[in-house]
Amino acid sequence: MTVVGFFVYLITSAIIAFIVDRVVPGRIPGGFVAATIVGCIGGVIAVKLGPPEPSIAGVAILPVAMGSLIMVVMLALMGNSQKRYRKKA
């Protein structure tokens with residue numbers, strides 16, 4: 001992976017994390033930075049499993065976006081479910 005490819009991963013994951021942060025009710029645990037990191041992990045996994053097209057700088061954009069979206073939404077839902085089950089002191 002090139003440096004440009006790495007930045008494409010980061011930018012795509014950051015955009016998805018921002019959109020999910022605005023759309024999903026509640027707060028994402030770890031905030032925007034954690035959502036971007038989890039989105040990058042989801043993007044890497046999805047690129048290994050998904051189709052290689054369309055691509056920008058050698059990075060398949062559609063799988064990166066879908067993998068990031070799935071992982072960040074899962075992070076947000078897990079964070080919201082933890083709030084429900086915490087005991088109030």
Side-chain angles (χ1 to χ4, degrees):
M1 175 188 309
T2 64
V3 175
V4 175
F6 176 73
F7 281 114
V8 170
Y9 269 112
L10 278 179
I11 291 169
T12 305
S13 298
I15 291 170
I16 296 295
F18 178 77
I19 292 170
V20 170
D21 189 32
R22 298 292 177 223
V23 172
V24 173
R27 298 195 48 91
I28 295 177
F32 177 73
V33 174
T36 303
I37 292 170
V38 169
C40 284
I41 294 168
V44 169
I45 293 169
V47 164
K48 301 296 182 195
L49 301 174
E53 297 295 330
S55 65
I56 296 177
V59 177
I61 294 298
L62 190 59
V64 169
M66 293 306 295
S68 297
L69 179 68
I70 291 168
M71 292 293 284
V72 174
V73 167
M74 285 175 45
L75 176 68
L77 294 176
M78 286 181 355
N80 289 338
S81 69
Q82 286 178 355
K83 286 181 190 177
R84 247 183 275 162
Y85 295 112
R86 284 189 194 155
K87 291 183 178 180
K88 293 185 179 180

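Contact check for P63 versus L49: no side-chain heavy atoms found under the 4.5 Å cut-off. Taking 4.5 Å as the limit, every side-chain heavy atom of F7 sits out of range of all side-chain heavy atoms of V4.
Counting all heavy atoms, side chain and backbone alike, C40 lies closest to L10 at SG-CD2, 3.6 Å.
Expressed to the nearest 0.5 Å, how far CD1 of I45 lies from NZ of K48 amounts to 10.5 Å. From T12, atom OG1 reaches atom CE of M66 across 13.5 Å, with rounding to the nearest 0.5 Å. Separation of atoms CD1 (I15) and CG (L69) is listed at 13.0 Å; rounding is to 0.5 Å.
I11 and I19 fall within the same hydrophobic cluster, where Ile, Leu, Val, Met, Phe, Trp and Tyr residues are linked whenever their side-chain heavy atoms come under 4.5 Å apart, directly or through other members. If you chain together hydrophobic residues whose side chains sit under 4.5 Å apart, M74 and V38 never meet in one group. Placement of I61 and V44 within a single hydrophobic cluster is found when ILVMFWY residues are connected by side-chain heavy-atom separations under 4.5 Å, directly or transitively. Hydrophobic cluster membership differs between L62 and V8, with clusters built from Ile, Leu, Val, Met, Phe, Trp and Tyr side chains linked at under 4.5 angstrom.
Although no hydrogens or angles enter the test, the distance criterion places a donor-acceptor pair under 3.5 Å between the side chain of S68 and the main chain of G39.
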